[in-house]
K.L.:
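This structure is in structure tokens; I'll ask about it shortly.
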There are 2 protein chains.
Amino acid sequence: MLTEERHKYILDVLNSKGTIHIQEIVEVLNISESTVRRDLSLLEKENKLKRVHGGAALLQQKRTELSMNEKLLHNLPEKQRIGAYAAGLVKDGDCIFLDAGTTTYEMIKHLTAKDITVVTTGITHLELLSDKGIATYIIGGYVRSITKAVIGQTAREMLSKFRFDKTFLGVNGIHIDYGYTTPDPEEAAIKSLALKLGQHVYVLADESKFHEVTFSEIAPLEEATIITNINDPAIIKEFNSTTKIEMVVDK
Amino acid sequence: MLTEERHKYILDVLNSKGTIHIQEIVEVLNISESTVRRDLSLLEKENKLKRVHGGAALLQQKRTELSMNEKLLHNLPEKQRIGAYAAGLVKDGDCIFLDAGTTTYEMIKHLTAKDITVVTTGITHLELLSDKGIATYIIGGYVRSITKAVIGQTAREMLSKFRFDKTFLGVNGIHIDYGYTTPDPEEAAIKSLALKLGQHVYVLADESKFHEVTFSEIAPLEEATIITNINDPAIIKEFNSTTKIEMVVDK
DNA sequence: TCACAAATCAATCATTTTCTTTCATTTTCA
DNA sequence: TGAAAATGAAAGAAAATGATTGATTTGTGA
């Protein structure tokens with residue numbers, strides 16, 4: 001049993017259940033408690049999990065989401081740059097999907113294409129969109145209070161009736177193995193659906209999202225183009241091998 | 001059973017039900033009362049909940065702030081007074097429809113009933129509603145930029161799947177012969193539909209709306225109860241012959 | 001309003017479980 | 001083969017747990 005395999009098992013269980021017991025690992029992998037403890041210590045040092053008495057848990061950050069307002073303050077200049085770049089991808093007459101979230105919100109301010117139609121699940125986007133005179137459709141459904149996103153079965157049904165020239169998504173995690181992820185399963189389902197309905201799909205992500213994995217999978221990496229401000233050649237190379245990645249030029 | 005798992009259970013139940021009993025936790029998780037108490041103390045210290053005698057509750061500042069609807073009624077401007085009065089009609093557990101518009105918006109601030117569900121077409125209402133922790137559904141469809149109301153065929157279809165204990169509408173005209181009217185036919189259609197789906201229907205109207213007629217008919221007078229601050233005996237008598245009219249008392 | 005019973009609570013302590021550290025053994029790989 | 005790394009076992013330390021105590025709060029009925 002390779003160390004890598006053990007680590008993968010531990011992280012897999014964590015990502016699907018949120019917590020893991022030492023005893024469980026000992027029994028399933030048939031290794032000693034000492035080894036498990038060493039593994040957990042190591043993974044903790046790499047910031048992959050948090051050790052707790054009796055086992056381990058996902059990092060707090062990945063389980064609990066920040067509220068919309070808290071998020072907005074985070075990496076704001078980067079988000080604005082990414083938003084502006086993404087807005088430039090929208091052409092006259094396009095019909096686009098705009099995900100809920102702060103980065104896509106920044107996009108709206110920079111939208112200049114004419115005669116575009118925007119479909120969104122982000123209730124914070126609506127006033128700004130319609131004030132700008134953009135033809136706006138809101139997907140109906142339950143309003144999730146933390147993220148101010150519309151979710152639920154009704155929402156998926158309504159969304160599935162649209163087709164988009166371009167889909168713009170926000171995500172919480174981008175990982176070479178686990179793809180795009182977000183904490184809430186319902187939101188992941190919506191994002192995943194919007195992704196399938198878009199001819200071109202873009203994921204907007206500042207650097208804090210890379211190498212992160214959160215609870216719910218949206219799609220594998222290759223199904224979208226990443227738009228980011230990151231300019232670490234190593235990371236770009238790493239992800240470019242699997243998917244397309246467009247950089248916002250840092251001036 | 002990991003501490004994290006217990007905490008997750010407690011917070012999950014809290015988020016879905018609002019309160020939790022210690023005994024319930026003891027039985028479900030099969031752990032001692034001591035441990036439960038320790039967990040609750042810890043979570044309270046982390047600001048995740050508030051301990052109450054016998055268990056714990058979600059912490060919500062809103063609970064204490066309001067509840068003084070009555071007092072506020074005196075010195076509020078018209079719309080707020082009407083909104084506050086209407087909010088008082090909403091009882092625990094109600095499922096209500098809230099029309100788009102400024103008067104219905106005022107209602108939200110004064111909503112204090114517990115466990116209510118709100119369905120709305122007013123996109124300006126959404127953030128406030130969900131910030132207050134109210135279960136909120138947005139009707140999907142086209143966002144009309146002037147009134148920030150959701151309209152269209154999709155909206156009517158989605159709306160028609162709901163039933164409401166109470167429907168609260170705003171209108172532009174109230175006339176003894178022409179009934180309730182509003183300028184936009186699409187909005188009229190939505191209002192008319194919401195009216196049919198409500199067990200009790202209330203129209204919120206300040207005095208400027210009386211004797212006015214606008215382009216599109218919503219419904220005849222008798223299909224709703226008017227809530228107004230007007231106190232002209234002549235007008236009250238005139239409309240009372242056809243429908244019910246409730247006055248916000250001016251003290 | 002009052003008193004009383006029942007329920008809930010905080011504090012304490014013995015017990016159990018888990019953790020860290022250390023060291024001997026096994027495995028890996030040059 | 002031999003050094004380095006990984007593993008497992010064990011002992012004492014630390015943490016978590018559950019039971020018990022007496023104090024406090026709550027609800028009930030006079």
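In the text below, chain A, chain B and the rest are named by the order of the sequence lines, each starting its count at 1. Keep in mind that this is a model prediction, so the values were computed, not measured.
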K.L.:
Is the Phe239(A) ring parallel, tilted or perpendicular to the Phe210(A) ring (thresholds 30°, 60°)?
P.N.:
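Phe239(A) vs Phe210(A) ring planes: perpendicular.
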
K.L.:
Can you check the Leu2(B) CG to dT18(C) P distance for me, whole Å?
P.N.:
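About 9 Å, once rounded to whole Å.
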
K.L.:
Contact class for Val26(B) vs. all strands (heavy atom < 4.0 Å): base, sugar-phosphate, or nothing?
P.N.:
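The residue Val26(B) makes no contact with any strand.
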
K.L.:
State which of dC9(C), dA15(D), dG18(D) makes the closest approach to the side chain of His53(B).
P.N.:
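Selected nucleotide (nearest to the side chain): dC9(C).
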
K.L.:
Nearest to the side chain of Arg38(A) - dT17(D), dG8(D), dT17(C)?
P.N.:
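Given the options dT17(D), dG8(D), dT17(C), the side chain of Arg38(A) is closest to dG8(D).
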
K.L.:
Look at Ser34(B) and dA19(D) and indicate whether a side-chain polar atom (N or O) is within less than 4.0 Å of OP1 or OP2.
P.N.:
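No, outside the criterion.
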
K.L.:
Please state how far atom NE2 in His21(A) lies from atom C1' in dA16(D), giving the value in whole angstrom units.
P.N.:
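Those two atoms, NE2 and C1', are 14 Å apart.
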
K.L.:
What's the shortest heavy-atom distance between Asp99(A) and Thr104(A), and which atoms?
P.N.:
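Smallest heavy-atom distance, with atoms named: O-OG1, 2.8 Å.
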
K.L.:
Could you tell me how far apart His7(A) (NE2) and dA6(D) (C1') are, to the nearest whole angstrom?
P.N.:
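Distance, rounded to whole Å: 11 Å.
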
K.L.:
How about His7(B) and Leu42(B): do any of their side-chain heavy atoms sit closer than 4.5 Å?
P.N.:
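Yes, at least one pair of side-chain atoms sits under 4.5 Å.
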
K.L.:
Please report, rounded to the nearest Å, how far the P atom of dA15(D) is from the CZ atom of Arg37(A).
P.N.:
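Roughly 14 Å, once rounded to whole Å.
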
K.L.:
Please report the distance, rounded to the nearest Å, between CD in Glu4(A) and P in dA6(D).
P.N.:
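Rounding to the nearest Å, CD of Glu4(A) and P of dA6(D) are 11 Å apart.
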
K.L.:
Would you tell me if any nitrogen or oxygen in the side chain of Arg6(B) comes within less than 4.0 Å of OP1 or OP2 on dT17(D)?
P.N.:
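Yes, such a contact exists.
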
K.L.:
Would you mind reading off the distance between Ile22(A) atom CD1 and dG8(D) atom P, rounded to a whole angstrom?
P.N.:
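Roughly 14 Å, once rounded to whole Å.
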
K.L.:
If I take atom CD1 in residue Ile20(B) and atom C1' in nucleotide dT8(C), what distance separates them, rounded to the nearest angstrom?
P.N.:
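Answer to the nearest Å: 16 Å.
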
K.L.:
Counting side-chain heavy atoms from CB outward, which of dA16(D), dG18(D), dG8(D) is closest to Ile31(A)?
P.N.:
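Per side-chain heavy atoms of Ile31(A), the pick is dG8(D).
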
K.L.:
Looking only at the side chains, is there a donor atom on one of Asp12(A) and Tyr178(A) sitting less than 3.5 Å from an acceptor on the other?
P.N.:
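Yes, a side-chain donor-acceptor pair sits under 3.5 Å.
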
K.L.:
Would you say Lys191(A)'s side chain and Tyr180(A)'s backbone share a donor-acceptor pair under 3.5 angstrom?
P.N.:
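Judged by distance alone, no pair lies under 3.5 Å.
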
K.L.:
Classify the nucleic acid contact of Val36(A) as base, sugar-phosphate or nothing, counting any heavy atom under 4.0 Å across all strands shown.
P.N.:
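Val36(A): no heavy atom of the nucleic acid under 4.0 Å.
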
K.L.:
Round to the nearest Å and state the distance from Ile25(A) atom CD1 to dG8(D) atom C1'.
P.N.:
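After rounding, the gap between these two atoms is 16 Å.
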
